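Worksheet for the structure shown next.
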Amino acid sequence: MATFGNLSDRLADTFRNLRTKGKLSASDVDGTVREIRRALLDADVALEVVKDFTGRVRERALSDEVNKALNPAQQVVQIVNEELVGILGGQQRRLEFAKNPPTVIMLAGLQGAGKTTLAGKLSKWLAKEGHKPLLVAADLQRPNAVTQLSVVAEQAGVAVYAPEPGNGVGDPVKVAKDSIKFAETKMYDVVIVDTAGRLGVDAELMKQASNIRKAVNPDEVLFVIDAMIGQDAVNTAKAFQEGVDFTGVVLTKLDGDARGGAALSVASVTGRPIIFASTGEGLDDFEPFHPDRMASRILD
Ligand code: GDP
C-alpha cells in the first residue's frame, strides 16, 4: 500500500534510533514521541488524534508497565503498535447482517469517493460468500449514476434495481423504499443502496440521505471516504455522522500515494469502525479491514 510509505519510513527511522539505546530515559521517550508526532502530522493525521495518541504513548512509555521479554526500545514500539491499532478501531468489525433478511446496507459519502465502485465490489464479495445481493440506484442526482451502477452490477454479476435510465429525476426515497419490497418478493438477502454524493457537504443532500435512511431502516450505513481527501476528512466525516449517523467507514483509494492519515483519523474521531478497505479500480481490489494488519503495515 503506497499510501503509508512515507509514514512507515519515518516511524522506522524513529525506532531505529531507539534501538541503539540500552535503557530509555524520559528525554529519550520525549524525543521519540516528538518524532512520532511529526511523522503523524506530516501524514495528515488529524491534530486531535495525534495529541491523544502521543499523549497515551508517552504516558505508557514512562509508566511502570513492563514486558520483561522486551528491551525498552521494543517496548515503545509495542506501545505505539497497540495505540495505532486502537485509533484504527481495535478489533476487526465485521459487517452486521439482519436476523430477518434482507440486510440493508446504505452507502453515503462525497461524490467521487468511490461509492458506486464500492457497491460493485461489496456485492461481488457478498455473492462469493453465498449471498444474493441487490444493488439499488438511489443516486438520481447525476444523470449518469444509474447507468454507471448498472454497468458495475453487470460486471459484478449481480442484479440492480433502478428507475429506467433517462426517466428524469425520480424520488430516491421512494426508489429505496420500493427496492426493499422488491427484494423481499424476489428473495434477495442483501440490499445495497447507493445514494447521491455531491462535491461538498450539502444540506439538501444530507436531508435526502437522512430521509433514505429513515425510509429503509438500514442495518449498516457505510460512510465511504477517499484516502486522498486530506485534512478535510475529519470535518466531512463529522458532517456525515451528524447527517446520517453512519455505522461504519470504508476507506477507498488506499492504493494511491496520498498521505492517508486524515482518513485514518476518521475512526478515532467518529468512534465508528473502518469495515472495508478499497485498493484499486477493479472489483476485486477490496478487502475487510483489519486494524492490526494495517498497524503492522504502517510500522513495518
Ligand atoms: P462515487 O461518485 O462515490 O460513486 O464514486 P465512483 O465509484 O464513481 O468512483 C470515482 C472514481 O474513483 C472512479 O474513477 C473509480 O474508478 C475510482 N475509484 C474508486 N475506488 C477506487 C480505489 O479504491 N482506488 C482507485 N485507484 N480508484 C478508485
Side-chain angles (χ1 to χ4, degrees), residues 1-5 105-126 133-156 158 160-163 165 169 172 175-176 179 191-202 204-206 208-209 212-213 218 220-230 232-233 236-237 239-240 243-244 246 248-264 266 274-290 293-294 297:
M1 224 167 270
T3 310
F4 302 105
I105 302 171
M106 173 177 160
L107 309 181
L110 296 180
Q111 184 176 319
K115 285 183 301 302
T116 305
T117 312
L118 173 74
K121 293 176 174 191
L122 187 56
S123 59
K124 189 171 179 192
W125 180 79
L126 286 165
L134 176 70
L135 289 190
V136 179
D139 175 357
L140 307 180
Q141 296 293 332
R142 275 188 307 145
N144 212 6
V146 174
T147 319
Q148 199 194 339
L149 193 72
S150 306
V151 170
V152 161
E154 195 176 326
Q155 284 168 354
V158 302
V160 68
Y161 182 91
V169 183
V175 170
S179 75
V191 180
I192 300 170
V193 183
D194 190 20
T195 65
R198 303 233 182 115
L199 289 178
V201 173
D202 167 316
E204 196 188 326
L205 154 82
M206 211 53 98
Q208 183 187 89
I212 293 176
R213 193 192 203 295
E220 295 276 16
V221 179
L222 300 181
F223 170 58
V224 182
I225 185 158
D226 177 340
M228 321 252 251
I229 181 170
D232 271 352
T236 308
F240 273 88
V244 294
F246 55 83
V249 178
V250 180
L251 290 185
T252 64
K253 310 192 192 177
L254 281 173
D255 50 313
D257 55 6
R259 289 176 285 186
L264 287 187
V266 164
I274 302 166
I275 304 184
F276 295 106
S278 187
T279 54
E281 293 191 79
L283 289 189
D284 294 317
D285 301 328
F286 166 79
E287 59 197 29
F289 185 81
H290 299 270
R293 286 188 209 162
M294 178 61 91
R297 271 186 217 175

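Computed from a predicted structure; not experimentally measured. Counting convention: from 1, in listed order, for ligands and their atoms alike.
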Check your understanding: Among F289, F223, W125, which one satisfies ring pair (Phe, Tyr, Trp, His ring centres under 6.0 Å) with F276?
Key ->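 Only one of F289, F223, W125 forms a ring pair (Phe, Tyr, Trp, His ring centres under 6.0 Å) with F276, namely W125.
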
Check your understanding: To the nearest 0.5 Å, how far apart are CG in L264 and CD1 in I274?
Key ->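 With rounding to 0.5 Å, CG (L264) is 5.5 Å from CD1 (I274).
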
Of all the non-hydrogen atoms in the protein, which one sits nearest to [atom], and at what distance?
{"atom": "atom 11 (C) of ligand 1", "value": "K253 NZ, 4.1 Å"}
{"atom": "atom 24 (N) of ligand 1", "value": "D255 OD1, 2.9 Å"}
{"atom": "atom 8 (O) of ligand 1", "value": "Q148 NE2, 2.9 Å"}
{"atom": "atom 4 (O) of ligand 1", "value": "T116 OG1, 2.7 Å"}
{"atom": "atom 5 (O) of ligand 1", "value": "G114 N, 3.0 Å"}

Review point. Which part of D194 is near ligand 1, with near meaning a heavy atom under 4.0 Å away: side chain, backbone, both or neither?
Key: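 It is neither part, as no heavy atom is under 4.0 Å.
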
**Study point:** D285 contact mode with ligand 1 (heavy-atom cut-off under 4.0 Å)
**Key:**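 Near ligand 1, D285 shows nothing, with every heavy atom at 4.0 Å or more.
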
Looking only at distances, can you tell me whether any N or O atom of [X], backbone or side chain, sits closer than 3.5 Å to an N or O atom of ligand 1?
{"X": "L118", "result": "no"}
{"X": "E281", "result": "yes"}
{"X": "Q111", "result": "no"}
{"X": "K115", "result": "yes"}

Practice item. Return yes if some donor-acceptor pair links the side-chain N/O of T195 with the main-chain N/O of A138 below 3.5 Å, else return no. Key: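 Side chain of T195 to backbone of A138: no pair is present.
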
Review point. Using 4.0 Å as the upper bound for N to carboxylate O, is an ion pair formed by D285 and K121?
Key: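 No, K121 and D285 are not salt-bridged.
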
So is [X] touching ligand 1 or not, going by heavy atoms under 4.0 Å?
{"X": "M228", "result": "no"}
{"X": "V224", "result": "no"}
{"X": "G280", "result": "yes"}

With heavy-atom distances below 4.0 Å as the criterion, list the atoms of ligand 1 near [X].
{"X": "T117", "result": "6 (P), 7 (O), 9 (O), 15 (C), 19 (C)"}
{"X": "A113", "result": "3 (O), 5 (O)"}
{"X": "K121", "result": "23 (O)"}
{"X": "L110", "result": "3 (O)"}

Exercise for review: Only one of D139, V221, L118 passes side-chain contact (heavy atoms from CB on, under 4.5 Å) with L107; say which it is.
Suggested key: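 The option that passes is L118.
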
Practice item. Among I275, D226, V224, I225, find the one that has a side-chain contact (heavy atoms from CB on, under 4.5 Å) with L251. Key: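 Option passing the side-chain contact (heavy atoms from CB on, under 4.5 Å) with L251: I225.
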
Practice item. Have a look at G109, G282, G112, S278 and point out the one with the heavy atom closest to atom 2 (O) of ligand 1. Key: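 Among G109, G282, G112, S278, the closest heavy atom to atom 2 (O) of ligand 1 comes from G112.
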
Heavy-atom pair with the smallest gap, counting every atom of [X] and [Y]:
{"X": "V244", "Y": "A108", "answer": "CG2-CB, 4.3 Å"}
{"X": "P133", "Y": "S123", "answer": "CG-O, 3.5 Å"}
{"X": "Q208", "Y": "A196", "answer": "OE1-CB, 3.7 Å"}

Review point. Quick one: side chain to side chain contact (heavy atoms under 4.5 Å, CB included) partners of N144, sequence neighbours excluded?
Key: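 Side chain to side chain contact (heavy atoms under 4.5 Å, CB included) check on N144 returns T147.
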
